[in-house]
Chemist: 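Take a look at this one; I'll ask things after.
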Amino acid sequence: MIRKVLIANRGEIAVRVIRSCREMGIQTVAVYSEADRKALHVQYADFAYYLGPSPSNESYLSISKILKIAKESGADAIHPGYGFLSENAQFAKECRKQNIIFIGPSSQAISTMGDKITARQTMINAKVPVVPGNEKKVVSQKDVQEIVQEIGLPVMIKASAGGGGKGMRLCRDEKDLISAVNAARSEAMSAFGDDAVYIEKYIEGPHHIEFQILSDKYGNTIHLCERECSVQRRHQKVIEETPSPLMTAELRETMGEAAVKAANAVGYEGAGTVEFLVDNDLNFYFLEMNTRLQVEHPITERVVGIDLVKAQIRIASGEKLSFVQDDIIQFGHAIECRIYAEDPENNFMPSPGEIRFIKEPTGLGVRTDGYVFRGYEIPLHYDPMISKLIVWGRTRSEAIDRMKRALGEFKITGVKTTIGFLKKLMDVPAFKEGKYDTHIIEENKDIIDSLGVQCTQTCKDLAAIATLIDYLSQLEKASARTVEAQNNNDLWKDFGRKMGSLRL
C-alpha cells in the first residue's frame, strides 16, 4: 500500500495529483522552488519542502534533491507528473534503487520509447505500422541523400531524443536538406543534449491521434480509446477532443489493438499514450509513445469515467486492473482547451506577472484544472500554461457550445492569456465541422483574424472607464491604508503624552 506520495512537479498537475491522493486517503508531499513559495500545490499538500532556486535545473530537475526530500519526508512513492523528470529513465532507476516506488513504467520502457530511433525499431519488430524512414541515426550527407532517394520528398527531420516540437524540420526541397538536418541537430543538442536525428516521410495533411493505455504488472493491457490532438501551433497541442471526429468504429478497434501491442512490446506498466499520425485515407502510423500522464488526460477521464491518476497509483501499488477492454465505453464528447499566459497579438510571447483578478467558469459539464489565483505572480522560469478548461456534452455540438460559453465566462486580468484566441478557434468552420488536420491554425489564419471582435469607440471608452475605476479604487485603498497608519501613529503619540503626564 502506498501511504505517502511526493509529487516531483509543480503547477496544475501537482494540484491534480494531490486531489486524487486525498480522495484515496494518501498523504502528499509537495516540493517547491524559490519562485513557487506561494504556489497552490504548496498550500494544498499535507507537507511541503523547499527544493532550491527558481531555475528548474537547480530545483525540479535535481534528482538528488528530490530523492533526499523523499527520504526525509518518509514518502514511499513519487509521482512525476508530466514534463521535468517524468520521462527520465535515470530518475525511475534511482527511485527503485532507493526502494521508493516510481509511479510510472520501468526505466527500461522509458529508455526504449524515449529514444525515437529505438522506438521505431521496436515497433517494426512488433508489427506496428511506422512512417517510412530510416532505422538509425543520420551520420553523413550520404546517409541523408540515400534515405531521401528511397522515401522521396517531402521529409520530416526529427531529433531522436526529441519532444514538444523541438529538433524538428520539414524539408520539401532537396537543396535545403543539409541545412535542415544541421538546424535540427543544433536545436536537438541545445534542448536535449543529444544531436542524433533521423528522417521520416512527411505525411501530408496528417491527423494527430493518440490512444490512452493502461497496463498492470500482470500483463493486462487495455486502451481507453482515442484523443484527437490535431489543433496545434508550432507542433504544440492547443485543443484536444474525444472521440475524434475522424474516427470510425473499425479504425478505433484496429488502432486500439496496435496501441496495446506497442505497450506490450516494451513490457509497459502504468498509464501511457501511444501517438499516431493518420492520413486522409485513414492509414495510420506510429509516431511515439509518451511514457507518462498526458496534459490532455482529463477528457479521457470524462468520457470513460476512470480517474487515471488513481489508476496509476493502484497499478504502482501492485493491484490488477479492475476492468477489461469490453468494460470501456465512451459516453458523450469532451473538449480541452489549454490556457496560456501568452499574448496572441504579440506572436504568443509569454506574459508573466501578477494575477489581478480571476473568475473560472462553472456549471454543468465544466471542469478547470489550474493553479493560479488572485495575487499570484506567474514566474518567468516555467511553461506558461496556467490552466486547462475541460467541458463535456452529450454530443460534439453541445460540447463546442459549452466550451464557447465557458471561455466567455473565464476572466483573468493582470496578464495576457489565450482565452480569446481559443474562443475564436471554436468558430472556425473546419473545427465546427470536425474536418481539420494539424494545419488548421495556419490554414485558417485569415478566418481566425476576421473573427476578432471589432472594437468600436464605445468599447474603447468603456475600457478607459474601467481602467480609471480600477486606478481610483487602488488609489483609495492606498490612501485608506495611509490614513489608518497615521491614525495609529497619532493614538500612540497621545498615549505617550498621557503616560508622560502621570505621576507615579
Side-chain angles (χ1 to χ4, degrees), residues 87-89 107-210 229 232 234-237 258-259 261-263 265-266 268 272-279 283-292 438:
E87 293 181 284
N88 187 302
S107 58
Q108 182 62 41
I110 295 173
S111 180
T112 299
M113 288 307 201
D115 183 277
K116 303 302 185 291
I117 295 174
T118 305
R120 278 177 59 83
Q121 294 169 338
T122 304
M123 292 304 100
I124 290 169
N125 293 337
K127 309 299 184 192
V128 176
V130 300
V131 180
N134 63 309
E135 274 68 68
K136 60 183 181 179
K137 70 178 182 179
V138 172
V139 176
S140 65
Q141 185 172 331
K142 184 183 176 184
D143 289 341
V144 175
Q145 292 169 339
E146 286 179 352
I147 295 161
V148 172
Q149 283 175 5
E150 182 181 342
I151 65 177
L153 289 167
V155 296
M156 184 68 83
I157 299 140
K158 294 184 176 182
S160 182
K166 293 174 182 169
M168 291 176 62
R169 291 292 185 280
L170 170 61
C171 185
R172 295 182 178 276
D173 195 317
E174 192 170 350
K175 67 180 174 58
D176 299 325
L177 269 171
I178 303 306
S179 60
V181 169
N182 291 337
R185 272 183 173 156
S186 177
E187 189 174 43
M189 177 57 76
S190 175
F192 313 113
D194 183 350
D195 71 348
V197 296
Y198 64 102
I199 299 175
E200 284 183 344
K201 178 71 176 175
Y202 178 66
I203 306 298
E204 297 283 1
H207 299 262
H208 188 146
I209 295 179
E210 62 188 26
C229 305
Q232 300 180 9
R234 297 174 185 165
H235 305 294
Q236 293 277 23
K237 299 167 189 173
K261 197 184 292 185
V266 291
Y268 200 83
T273 302
V274 183
E275 303 199 352
F276 297 97
L277 289 180
V278 184
D279 65 22
N283 299 306
F284 66 91
Y285 309 94
F286 172 82
L287 179 63
E288 64 180 355
M289 183 174 188
N290 289 299
T291 53
R292 53 168 169 80
T438 57

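Counting from 1, the numbers follow the sequence of the chain as shown. From a predicted model like this one, the values you see are computed outputs, not experimental measurements.
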Chemist: Would you please name every residue forming a side chain to side chain contact (heavy atoms under 4.5 Å, CB included) with Asp194, sequence neighbours left out?
Modeler: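 If we apply the side chain to side chain contact (heavy atoms under 4.5 Å, CB included) test to Asp194, skipping adjacent residues, the hits are Ala161, Ala196.
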
Chemist: Quick one: list whatever passes side chain to side chain contact (heavy atoms under 4.5 Å, CB included) with Pro154, sequence neighbours left out.
Modeler: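 So Pro154 forms a side chain to side chain contact (heavy atoms under 4.5 Å, CB included) with Leu170, Arg172, Lys201, Tyr202, Glu204.
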
Chemist: List for me each residue that meets side chain to side chain donor-acceptor pair (under 3.5 Å) alongside Asn283, sequence neighbours excluded, and say none if there are none.
Modeler: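 Asn283 satisfies side chain to side chain donor-acceptor pair (under 3.5 Å) with Asp279 once adjacent residues are dropped.
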
Chemist: So, does Arg120 use its side chain to make a donor-acceptor pair with the main chain of Phe286 at under 3.5 Å?
Modeler: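 Between the backbone of Phe286 and the side chain of Arg120 there is no qualifying donor-acceptor contact (under 3.5 Å).
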
Chemist: Considering only heavy atoms from C-beta outward, does the side chain of Ile199 approach that of Ile151 to under 4.5 Å?
Modeler: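 Sidechains of Ile151 and Ile199: in contact.
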
Chemist: Taking atom NZ of Lys158 and atom CD of Glu200, what is their separation to the nearest 0.5 Å?
Modeler: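 So the gap between those two atoms works out to 4.0 Å.
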
Chemist: List for me each residue that meets salt bridge (Lys or Arg N to Asp or Glu O under 4.0 Å) alongside Arg292, sequence neighbours excluded, and say none if there are none.
Modeler: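 Here the qualifying residues are Glu87.
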
Chemist: Can you tell me how far apart CE (Met156) and SG (Cys171) are? Round to the nearest 0.5 Å.
Modeler: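 Output value for this atom pair is 10.5 Å.
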
Chemist: So do Leu153 and Val148 actually touch side chain to side chain, heavy atoms under 4.5 Å?
Modeler: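 Yes. Closest side-chain heavy atoms under 4.5 Å.
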
Chemist: Any idea which heavy atoms bring Ser107 and Ala89 closest together, and the distance?
Modeler: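 Distance-wise, the nearest heavy atoms are CB-O, 3.2 Å.
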
Chemist: Apply side-chain contact (heavy atoms from CB on, under 4.5 Å) to residues Thr291 and Thr112 and explain how you reach the verdict.
Modeler: CA-CA 10 Å; Thr291 53; Thr112 299; over 6 Å; no

Chemist: Val274 and Ala259: which non-hydrogen atoms are nearest, and at how many Å?
Modeler: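 Minimum heavy-atom separation between Val274 and Ala259: CG2-O, 3.7 Å.
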
Chemist: Can you name the closest pair of heavy atoms from Met289 and Ala263 and give their distance?
Modeler: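 Of all heavy-atom pairs spanning Met289 and Ala263, the closest is CE-CB, 4.2 Å.
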
Chemist: Between Gln121 (side chain only) and Glu135 (backbone N and O only), is there a donor and an acceptor less than 3.5 Å apart?
Modeler: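 A pair under 3.5 Å: yes.
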
Chemist: Which distance, rounded to the nearest 0.5 Å, do you find between the CD of Gln141 and the CD of Gln145?
Modeler: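 Going from the CD atom of Gln141 to the CD atom of Gln145 covers 5.0 Å.
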
Chemist: Tell me, please, which residues at least two apart from Lys166 pass side chain to side chain donor-acceptor pair (under 3.5 Å).
Modeler: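 If we apply the side chain to side chain donor-acceptor pair (under 3.5 Å) test to Lys166, skipping adjacent residues, there are no hits.
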
Chemist: Using side chain to side chain donor-acceptor pair (under 3.5 Å) as the criterion, list what pairs up with Asp115, not counting sequence neighbours.
Modeler: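 If we apply the side chain to side chain donor-acceptor pair (under 3.5 Å) test to Asp115, skipping adjacent residues, the hits are Thr118, Ser160.
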
Chemist: Of the non-hydrogen atoms in Lys136 and Tyr198, which two are nearest, and what is the gap between them?
Modeler: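 Nearest heavy atoms, Lys136 then Tyr198: O-CB, 4.2 Å.
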
Chemist: Taking the side chain as every heavy atom from C-beta outward, state whether Asn134 and Asp143 have any atom pair closer than 4.5 Å.
Modeler: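 Not in contact.
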
Chemist: Name all pairs fulfilling the side-chain hydrogen bond (donor to acceptor under 3.5 Å, both in side chains) condition that reach into residues 182-191, sequence neighbours left out, sorted by first residue then second.
Modeler: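 Qualifying pairs: Arg169-Glu187.
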
Chemist: So, using side chain to side chain contact (heavy atoms under 4.5 Å, CB included) as the criterion, who are the partners of Glu150 when residues are at least two apart?
Modeler: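 Side chain to side chain contact (heavy atoms under 4.5 Å, CB included) list for Glu150, sorted by chain: empty.
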
Chemist: Can you name the closest pair of heavy atoms from Ile117 and Val197 and give their distance?
Modeler: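 Shortest heavy-atom separation between Ile117 and Val197 comes out as CD1-O, 4.3 Å.
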
Chemist: Could you state the interatomic distance from CG (Leu287) to OG1 (Thr273), rounded to the nearest 0.5 Å?
Modeler: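 Interatomic distance, Leu287 CG to Thr273 OG1, rounded to 0.5 Å: 12.0 Å.
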
Chemist: Just checking Glu174: does its CD atom have more than 12 heavy atoms from other residues, nucleotides or ligands closer to it than 6.0 angstrom?
Modeler: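 Incorrect, the count does not exceed 12.
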
Chemist: What pairs with Glu288 under side chain to side chain contact (heavy atoms under 4.5 Å, CB included), at least two apart in sequence or on another chain?
Modeler: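 Applying side chain to side chain contact (heavy atoms under 4.5 Å, CB included) to Glu288 gives Lys116, Glu275, Asn290.
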
Chemist: Using side chain to side chain donor-acceptor pair (under 3.5 Å) as the criterion, list what pairs up with Gln232, not counting sequence neighbours.
Modeler: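 Scan of Gln232 (side chain to side chain donor-acceptor pair (under 3.5 Å), adjacent residues dropped) gives His208.
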
Chemist: Checking Phe276 now: which residues fulfil ring-ring contact (aromatic ring centres under 6.0 Å, His included) with it, not counting sequence neighbours?
Modeler: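 Scan of Phe276 (ring-ring contact (aromatic ring centres under 6.0 Å, His included), adjacent residues dropped) gives Phe284.
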
Chemist: Quick one: closest heavy-atom pair of Val128 and Ala258, and the distance?
Modeler: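 Smallest heavy-atom distance, with atoms named: CG2-O, 3.9 Å.
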
